[in-house]
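Only one structure is covered here, and it is reproduced in the block below.
To find a chain, count down the sequence lines: A is the first, B the second, and so on, and within it residues start at 1. Computed from a predicted model, the values in this text were never measured in an experiment.
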Protein chains: 2
Amino acid sequence: MKKRSPTICPIVFSLDTFGDTWSLVILRDILLFNKSHFREFLVSKEKIASNILSARLETLIDNGLLTKEADMNNKSAAIYKPTNKTLELLPMILEMMKWGVRYNPDTDRKSGPIMHLLLTDPEGLRTSVVSKFKA
Amino acid sequence: MKKRSPTICPIVFSLDTFGDTWSLVILRDILLFNKSHFREFLVSKEKIASNILSARLETLIDNGLLTKEADMNNKSAAIYKPTNKTLELLPMILEMMKWGVRYNPDTDRKSGPIMHLLLTDPEGLRTSVVSKFKA
DNA sequence: ATATAGTGGTTTCAAATTGCAACCGCTTTT
DNA sequence: AAAAGCGGTTGCAATTTGAAACCACTATAT
């Protein structure tokens, strides 16, 4: 993943931190779809390649957005979790989703409680995601 | 710029629409720094190459985020303007900026009224940007 | 204990994208 | 008539991506 030099612009900083094709897809899977394992990220509809996934997880950890810890139930398994830095990204992610729903005619509006909450009570959705990981 | 297939996910839709390395930098220059000409985008600190700029402007127009019109003061000049679709992206952009300011120690917090407004009255900042283009 | 399947990856390599630099045609200014 | 401004395009090398195969280790089933 390409990097620009240190920037004074908050937008560019954000783009350099998570603004590639895959990082937000991974964070979505973690924050909204309760995924935490390498293999789970591989099977999402967007079909990320395992080498790319590996690289992105590494930069997300380097950027302080994810932690990696051992799964105590399975020595060969790793668990990826969001940090506070990532949870504080939720307002932006929810605004992005609102915009996406508004302009993407293919949006899956009905299925699942997430889309419904997004449109009726986004702040409630945010706090419920946060509390899921603060627990 | 790479594209994924039609998606039901609002996040992926957003990423496919403006989620590359340069689109939000261009939109920032237009929305916040009052730029509208090709040459103006070229001289921003991030140093976008002219061929890439050309390609991005084209996809932004194709995606309905920009319009291109002739500059009546100069036959060889073009003016790029944001659409409503872009103005509705401001909530997301402002949340992205808030997060960037919070986590980027290099952020230029003092200079210019934008950073001050972002932290004290983001909604006022949003409406002032909108009215700038609705006028 | 032995084989099978699950886990988190790495390696290889071709194809696509990016980025730099030079160049271009048209218009406006001097 | 010359020079500078405008919005680009072209050519090409370097980087990044993506698909597929492969791998070492762990856990499970027989």
Polar contact flag, side-chain donor to acceptor under 3.5 angstrom, [X]-[Y]:
| X | Y | result |
| --- | --- | --- |
| N34(A) | K132(A) | yes |
| D20(B) | S23(B) | yes |
| Y80(A) | E69(A) | no |
| N84(B) | K134(B) | yes |

Starting at [atom1] of [X] and ending at [atom2] of [N], how long is that distance when rounded to a whole Å?
| X | N | atom1 | atom2 | value |
| --- | --- | --- | --- | --- |
| I48(A) | dG18(D) | CD1 | P | 8 Å |
| M72(B) | dC6(D) | CE | P | 15 Å |
| D71(A) | dC25(D) | CG | P | 20 Å |
| N74(A) | dA27(D) | CG | P | 5 Å |
| N73(B) | dC6(D) | CG | P | 12 Å |
| E58(A) | dT17(D) | CD | P | 13 Å |
| I79(A) | dG8(C) | CD1 | P | 9 Å |
| L57(B) | dG8(D) | CG | P | 7 Å |

How do T21(A) and Y80(B) order along DNA chain D: which one's closest nucleotide is nearer the 5' end? Y80(B)

Comparing R39(A) with K75(A), nearest DNA chain D nucleotide closer to 5' gives the residue R39(A)

For [N] and [X] - does any side-chain N or O of the residue sit under 4.0 Å from the phosphate oxygens OP1/OP2?
| X | N | value |
| --- | --- | --- |
| R56(A) | dT17(D) | yes |
| K68(A) | dG9(C) | yes |
| W22(B) | dG19(C) | yes |
| S50(B) | dT9(D) | no |

Against the side chain of I52(B), the closest entry in dT7(C), dT18(C), dC6(D) is dT18(C)

Which of the following nucleotides, dG7(D), dG11(D), dT27(C), is nearest to the side chain of S76(B)? dT27(C)

Quick one: label N51(A) by what it contacts on the DNA or RNA (base, sugar-phosphate, nothing), any heavy atom closer than 4.0 Å. base

Assess R28(B) against W22(B): is NZ or CZ under 6.0 Å from the centre of the six-membered ring, and within 45 degrees of the ring's axis? no

